[in-house]
S.K.: 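Next up is a structure, given as structure tokens.
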Amino acid sequence: MNVDKIRQDFPILSQTIRGKPLVFLDSAASAQKPRVVIDAMRDAMETQYANVHRGLHWMSERTTEAYEACRDAAAALMNAESREEIVFTGNITGSLNLVAHSYGRGVMKPGQAVVISAMEHHSNIVPWQMLRDSHGIELRVAPITDAGELDMIAFEALLADGKVGLVSITHMSNVLGTCTPAARIAALSHAYGAKVMFDGAQAIVHRAVDVRAMDADFYAWTGHKLYGPTGIGVLYAKRELLEQMPPFMGGGEMISSVTYEKTTWARVPHKFEAGTPAILEGIGLKAAIDYVRAIGYDAMAEHEAALTEHALARLGRIEGIRIFGQAQDRGGVVSFALDKAHAHDVATLLDRQGIAVRAGHHCAEPLMRRLGVDSTARASFGIYTTHAEIDALADTMTRVREFFA
Amino acid sequence: MNVDKIRQDFPILSQTIRGKPLVFLDSAASAQKPRVVIDAMRDAMETQYANVHRGLHWMSERTTEAYEACRDAAAALMNAESREEIVFTGNITGSLNLVAHSYGRGVMKPGQAVVISAMEHHSNIVPWQMLRDSHGIELRVAPITDAGELDMIAFEALLADGKVGLVSITHMSNVLGTCTPAARIAALSHAYGAKVMFDGAQAIVHRAVDVRAMDADFYAWTGHKLYGPTGIGVLYAKRELLEQMPPFMGGGEMISSVTYEKTTWARVPHKFEAGTPAILEGIGLKAAIDYVRAIGYDAMAEHEAALTEHALARLGRIEGIRIFGQAQDRGGVVSFALDKAHAHDVATLLDRQGIAVRAGHHCAEPLMRRLGVDSTARASFGIYTTHAEIDALADTMTRVREFFA
Amino acid sequence: MSFADDVRDLYQEVILDHGRRPRHGKRLAAYDVTAKGDNPMCGDRVEVWVRFASDGAIAETGFEARGCAISVASADLMAETVQGRGKADTKALFEAFRTMARTGVCPDHDAGLDEPLERLAPLSGVHEYPSRVKCATLPWHALDAALEGTREASSE
Amino acid sequence: MSFADDVRDLYQEVILDHGRRPRHGKRLAAYDVTAKGDNPMCGDRVEVWVRFASDGAIAETGFEARGCAISVASADLMAETVQGRGKADTKALFEAFRTMARTGVCPDHDAGLDEPLERLAPLSGVHEYPSRVKCATLPWHALDAALEGTREASSE
Ligand SMILES: Cc1ncc(COP(=O)(O)O)c(C=O)c1O
Ligand SMILES: Cc1ncc(COP(=O)(O)O)c(C=O)c1O
């Protein structure tokens, strides 16, 4: 994998920030977009755009094809059995809420339980709290070990009483970088009669996801982290579940026929896609998926593993830096704290040098409490990240530490 | 208003379709995008992109500013009292479902009623049916006259028993072109103790919307019809209502603090915006709003009134064509049917000549039944539509009629 | 090109003719199987009735359609071409027709299908109009449902 | 430019000093009003206590802050500059400081504010870092809430 060449695909990377070359280490929040994505969206708007699905004219038909090609691409990317198992939403938060409504309120029964883990993003906590509070579902939290891994024994214990209807767990923590053993989680969940969903927002950026191999019932992710546009999220769900679930939002596109008395739903996946879809975003995401697949997950994973190792080594040598998470299996995200300075001050000082990291609770307040901190700084890597950028981070951190000493 | 000049702002309009110049008369389904919108989105991706709101670094701050500027622009466009009254969703369908959930399930009580009209889009029917079926809310349908106007006497009668909690009515029909008297509808609704929402998907494209002058409680529209990108919808709601309503979706961005036991919500409007927002789409929509305001609603309304009059005159002279809707106050949408041919055949024959119209039920099946047809053909106009294009439509319709005679 | 020339690629005379005056556009008084087809996307609806001969071949097909010229013509041409065919044969013809409607080219097929496919060929113009392909295949979906003993089909 | 030079536009020595060793960073044993301030976006939290003199002017302000150097330094500089000021005067100072933090320039103001604004001027560098403006204004929001008799403030 030729990172220099890849960097040329991302126009934004040549920007300067406060007079310094941009060092973008905030890809886990949202990734930058390659030229193919930018061009795909622009070309659509310049040469081939109309509303989709119901149009009988040329522009509409061509736009429908271009947009629906994203469904095929997403299905292939995840190795879904069929394109009908792919539902588009607005972001992964939308995907998780869809399942919390349509499966949680629509299929689960009061008295059942949902299991999440202690390292979830708010998007995989709050929908279940709302389900708990409105639908009488118990919310159980599987603990993590001090290394930041899912405690599999405690996890299994939570399933033991057979009340768990759904397990919803991150496939990769956006704070600790921990990758969770999806196939084992799924097998255990199924053994105790629970369905299983993975929050793949981070995981799908770093490794090949095979929903059939891991036997996921639901798998959700978000376009903007996979080098695609904002405004589009993806939900994979086994067809039988989609068939079983009532719709979430009502409106155009998701109906088969409407009378005031009775409305019948469109076939899956359209039953879950109300209103004009994110057409341009689907076209952009298709280009992003193609781009990622052309590079290949093997190369990406290898690159990011090397970067992560380098970052852990370099940051680990700086006195006063604490690194969070020592999972065996981890992706390209490193959270850290400096003893003498608040994470916000760290982020600002780095920003002043053109280095973009995130600082705060990373939408994971309960995990922050588990780690005993209010906030951390986080550097996260993409396909365009270089070893030199990590060196710049580490060198600057040394000076930040001196500055606040 | 110089239409020739405006057309140059829309790159797509110079395309040819099946060897003929594109005559795009399907703007009511989704409008084409001016160069400023395309450029705004491209520039963001090329020069200034990161996730918003929580970032402390330069890119994130600048992107937040650019994105949030759309909220100011939308508030100003609608004359909202404050920017906090603007909630972003995925499309207007998302806006309507948000209100059906957060106001319908969250604030209304079983036994209350919702009033819609007989000329609603499915997006303003199905969410209320779902509310009816899950929450014990009655759904009442205000009839329309044979001219295609809201029957105000019958409408008032539906309010009389004081059970109506919410009125949700289109501000302009996407089939008949009828504009409804929003201020009168609001005054009546309020007189009987009901809140009122308008589906402004079509209206806001054709005329200035002043939510305070009409005293709307909710007003919803969708970006892609106002020359903006897909993937973003807008909901205006009075602040006191937003404060009162529980959130719809849970996740990142919409919380103030999260513990497993108790989560508190962010301030309005963020309480209703879960997950990474449609950042690029907000930036694009801001450009679209600026573009529209620079042209001015007076000029746009005048242009479209002239086009509509011309279309009604030209199509009205063709034997065998039936035009639907004779409202006094109407926008740039003309639905029609040909006696000897099905609307789909009409649309295909027009398409073969490069003329894009929509044919079908226009996501308004109950209205089709009211009109006594299965489908209609619909020509709809935008700021770039010319009289010559309407002549092309009329000339071709004459030949279509001959062809099927 | 004139207007008429332009549109002849799809609306050939035979289609207009069968669309306007379908020969088989009626409910059969006596039938063995029946099914409905529905295209919710555009509202087309068709109902077919089939009577079998004693050897199991299709003796007669009738239909009622609400829809465009393409779907009516396709239903009528279908009724015409399946007459005398067995179930397997009819299914093979459906498959071949479907490919033709989607791609515009006739797929490799059994020599036995030469003649019926030629009769159906005027409909191959729909492949240029993807949203109309379903109009052409809807009656076939309904027929297939009838032969299979399911009562409803959708070409969505 | 060296690293230190680069960052001095925001982290001036006086800020570092007050951030590290706040003089007023303690709860008052006796106080008249108190309030909390919260910035949910970044988790900063500050609590202020105020004791009035007999003429109604602020006699002393103490605070406890959990947050970054900017918010702690701002709280400390605030406590220093509001000492001896009346309520109206303090509010005027808050307004002027807020403008300075947002824009980097000192707004038109009463001559009486010359001296305190000069003391707060080191914080004006935040205007280059919009997300940090709230860190600087949070203690002021809390103080304002205390003076107004509301118990909670947010700089969100
Ligand atoms: C009147 C009306 N309401 C609602 C909608 C739905 O808009 P969207 O599909 O963007 O949610 C439309 C357009 O399709 C419309 O014309
Ligand atoms: C693990 C994880 N889950 C969920 C999300 C939420 O994604 P989005 O904001 O696109 O809905 C994120 C990113 O913010 C994440 O990292």
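First the proteins, then the strands, lettered A, B, ... as listed; each starts at 1.
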S.K.: Can you give me the closest heavy-atom contact between C/Glu128 and A/Arg62, atom names plus distance?
M.R.: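 Heavy atoms of C/Glu128 and A/Arg62 come nearest at O-NH2, 4.0 Å.
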S.K.: How long is the straight-line distance from NE2 of A/His57 back to OG of C/Ser131, given to the nearest 0.5 Å?
M.R.: 9.0 Å
S.K.: Looking at C/Asp108, I'd like to know if its CG atom is crowded, meaning that more than 12 non-hydrogen atoms belonging to other residues, nucleotides or ligands lie closer than 6.0 Å.
M.R.: no
S.K.: Does atom CD of A/Glu243 have more than 12 heavy-atom neighbours, drawn from other residues, nucleotides or ligands, at distances under 6.0 Å?
M.R.: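 Enclosed.
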S.K.: Measure the SG-CG distance between C/Cys68 and A/Leu56 for me, rounded to the nearest 0.5 Å.
M.R.: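 Interatomic distance, C/Cys68 SG to A/Leu56 CG, rounded to 0.5 Å: 9.0 Å.
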S.K.: Got more than 12 heavy atoms from elsewhere within 6.0 Å of NZ, C/Lys91?
M.R.: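 Yes, because the 6.0 Å sphere around NZ of C/Lys91 holds more than 12 heavy atoms from other groups.
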